[in-house]
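As the structure is a prediction and not an experimental result, all values here were calculated from the model.
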Amino acid sequence: MLKKALLLFSFSIIINTISAQETKNWQRLKYVTTAPDGTTSITIYDDSRSNLMQLEAADGFYKYQLVDIHTNKEVYTRNNQGRRCIINKLAIADGIYDLKLFTENFVISSRITIAAVEENNVAIIE
């Protein structure tokens with residue numbers, strides 16, 4: 001009985017150690033950009049295990065674009081309807097960009113980092 005308990009305990013420690021090492025570098029990030037009045041303008045959800053980044057705005061936006069911070073040139077532009085969109089990080093070179101969301105009345109900006117996942121990882125969206 002004691003032998004089985006010790007074996008089970010050892011096995012659970014090994015499994016926990018392996019699981020901790022596998023998820024060690026994964027991050028689920030949530031960036032929030034606020035308007036001058038303190039309300040939330042943009043929320044960005046980025047899971048480092050996924051090649052998809054989700055954007056959500058307080059107001060609907062008709063277009064979004066990524067601008068290279070070094071050259072100030074557009075590198076990615078897409079039309080949109082509604083308050084949400086998904087960006088495929090594989091379509092964009094890794095780097096730091098200014099994200100601009102165009103609404104009917106104004107442009108919302110936020111600085112983001114794009115880092116695509118290696119091909120052998122599985123994309124997970126929750």
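- Distance alone, capped at 3.5 Å, is enough to place a donor-acceptor pair between the Arg83 side chain and the Ala57 backbone.
- In this structure, the side chain of Asn80 engages the main chain of Phe61 through a donor-acceptor pair within 3.5 Å.
- Shortest non-hydrogen contact noted between Ile86 and Tyr64 is O-OH, 3.7 Å.
- For the atom pair Tyr45 OH and Met53 CE, the distance stands at 13.0 Å (nearest 0.5 Å).
- Within the structure, every pair that satisfies the side chain to side chain donor-acceptor pair (under 3.5 Å) test and touches residues 95-105, not counting sequence neighbours, is listed here: Asp98-Arg111.
- The CD1 atom of Ile42 lies 7.0 Å from the OG atom of Ser109; values are rounded to the nearest 0.5 Å.
- Here CG of Leu66 is found 4.5 Å from CD1 of Ile92. Values are rounded to the nearest 0.5 Å.
- Atom CD of residue Gln65 and atom NZ of residue Lys73 lie 14.0 Å apart, to the nearest 0.5 angstrom.
- Within the model, atoms CG of Leu101 and OG of Ser41 stand 9.5 Å from one another, a figure rounded to the nearest 0.5 Å.
- Both Ile44 and Tyr76 are part of a single hydrophobic cluster, where members link through side-chain heavy atoms under 4.5 Å apart.
- Asp46 places no side-chain N or O within 3.5 Å of a backbone atom of Gln54 that could act as its donor or acceptor partner.
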Would Asn88 and Asn51 satisfy side chain to side chain contact (heavy atoms under 4.5 Å, CB included), going step by step from the backbone distance to the final call? CA-CA 6 Å; Asn88 182 351; Asn51 282 317; 4.2 Å; yes

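- Rounding to the nearest 0.5 angstrom, the gap separating the NZ atom in Lys89 from the CD1 atom in Ile112 is 9.5 Å.
- Clustering of Ile, Leu, Val, Met, Phe, Trp and Tyr side chains at separations under 4.5 Å places Phe102 together with Tyr62, Val107.
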